[in-house]
J.: 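First the structure, then my questions, so here it is.
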Amino acid sequence: MSTTSHSIDPNAPDRDTPPAPEAAAIHAAPSRTGLWLLMILLGATFLGWYLYGKRAPVAPPAPLPPIVALPPLDRGANDAGAIANAANTANKPSAAKPAPSTKTVAAKPRATQARPIANRSPEPRYPAAALRRGEGGTVVLRVNVGADGVPDDIAVSRRSGSRDLDRAAMTAVRDWRFKPATRNGREVASVVEQPVEFRPLQ
């Protein structure tokens with residue numbers, strides 16, 4: 001029967017001996033420091049986000065006005081033409097031109113002739129004798145119309161061929177009223193030739 005002998009090293013650590021508390025504290029310290037750093041970082045991020053959300057909104061910059069590019073001017077040809085025109089004008093003798101007249105000529109009032117007023121000029125009565133004989137025609141009367149539109153003097157300028165018709169025309173026109181003639185905007189007396197027509201019934 002063999003007996004195994006074990007050698008005992010006095011320098012070897014005792015496996016059954018628990019670790020010292022100082023060593024456990026040394027291992028736990030780095031983990032707690034990392035946790036605090038993480039919490040500080042999260043707090044700073046939250047604070048920055050809060051402050052960024054509370055800041056006043058910045059207005060966008062005003063748009064710049066559009067830029068319009070103009071084509072270059074050809075000053076050489078224009079200047080040469082202007083110099084030539086100035087030289088020609090200097091060589092020509094200057095003639096004094098009359099200034100245009102600014103005087104306005106007032107329109108003259110239109111002259112008008114006397115004419116009978118429709119609702120105050122009744123038709124003449126047809127003579128019964130002339131009507132029986134079938135006489136008809138046109139009488140032209142020369143009428144002197146006063147400035148008040150009343151006929152003053154009446155004479156036959158052209159006869160109709162029937163005395164009855166001529167007399168009936170003169171009798172009727174004496175009762176007519178005329179719109180008097182005007183000269184320079186004023187009513188004046190005048191002479192008109194007034195035709196009066198008779199037509200027998202067929």
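Quick caveat, the model's predicted, so the values are computed rather than measured. Only heavy atoms go into these numbers, but all of them, side chains included; no hydrogens, no water, no symmetry mates.
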J.: With sequence neighbours left out, which residue pairs that include part of residues 147-168 fulfil the ring-ring contact (aromatic ring centres under 6.0 Å, His included) condition?
T.: none
J.: Ser121 and Pro116: which non-hydrogen atoms are nearest, and at how many Å?
T.: OG-CB, 3.4 Å
J.: How would you list all residue pairs meeting side-chain hydrogen bond (donor to acceptor under 3.5 Å, both in side chains) that involve residues 186-195, not counting sequence neighbours?
T.: Ser157-Glu193
J.: Not counting sequence neighbours, which residues clear side chain to side chain contact (heavy atoms under 4.5 Å, CB included) with Thr171? List them please.
T.: Arg174
J.: Show which residues join Leu38 in its hydrophobic cluster (side-chain heavy-atom contacts under 4.5 Å, direct or indirect), or state none.
T.: Leu42
J.: Under the salt bridge (charged side-chain N to carboxylate O under 4.0 Å, His left out) definition, can you give me all pairs with a residue in residues 143-155, not counting sequence neighbours?
T.: none
J.: Excluding sequence neighbours, so at least two apart, what forms side chain to side chain contact (heavy atoms under 4.5 Å, CB included) with Arg115?
T.: Lys179
J.: Please, which pairs that meet ring-ring contact (aromatic ring centres under 6.0 Å, His included) have at least one residue in residues 140-175, sequence neighbours excluded?
T.: none
J.: Between Pro127 and Ala168, what is the shortest heavy-atom contact and its length?
T.: CG-CB, 3.8 Å
J.: Where do Ser162 and Ala130 come nearest, in terms of heavy atoms and distance?
T.: OG-CB, 4.3 Å
J.: Once rounded to the nearest 0.5 Å, what's the spacing between atom CD of Gln113 and atom CZ of Arg183?
T.: 7.0 Å
J.: Which hydrophobic side chains are connected to Ile154, either touching it within the sub-4.5 Å cutoff or through other members that do?
T.: Tyr126, Leu131, Val139, Leu141, Val143, Val145, Val156, Leu165, Met170, Val173, Trp176, Phe178, Val192, Val196, Phe198
J.: Once side-chain hydrogen bond (donor to acceptor under 3.5 Å, both in side chains) is applied, do any residues pair with Arg125, and if so which ones, sequence neighbours excluded?
T.: none
J.: Should the ring pair Phe46 and Tyr50 be called parallel, tilted or perpendicular, given that the plane angle runs from 0 to 90° and is split at 30 and 60?
T.: parallel
J.: Can you name the side chain to side chain contact (heavy atoms under 4.5 Å, CB included) partners of Arg132, sequence neighbours left out?
T.: Ala128, Ala129
J.: Quick check for you: to the nearest 0.5 Å, what is the distance between Arg120 atom CZ and Asp175 atom CG?
T.: 11.0 Å
J.: According to the ring-ring contact (aromatic ring centres under 6.0 Å, His included) rule, which pairs have a member within residues 146-172, sequence neighbours left out?
T.: none
J.: Considering residues at least two apart in sequence or located in another chain, which fulfil the side chain to side chain contact (heavy atoms under 4.5 Å, CB included) criterion with Val191?
T.: Arg142, Asn144
J.: Could you tell me whether a side-chain N or O of Ser160 sits under 3.5 Å from a main-chain N or O of Thr138, the two making a donor and an acceptor?
T.: no
J.: Go through the steps for Thr33 and Leu35 under the test side chain to side chain contact (heavy atoms under 4.5 Å, CB included), then give the verdict.
T.: CA-CA 5 Å; Thr33 304; Leu35 181 61; over 6 Å; no
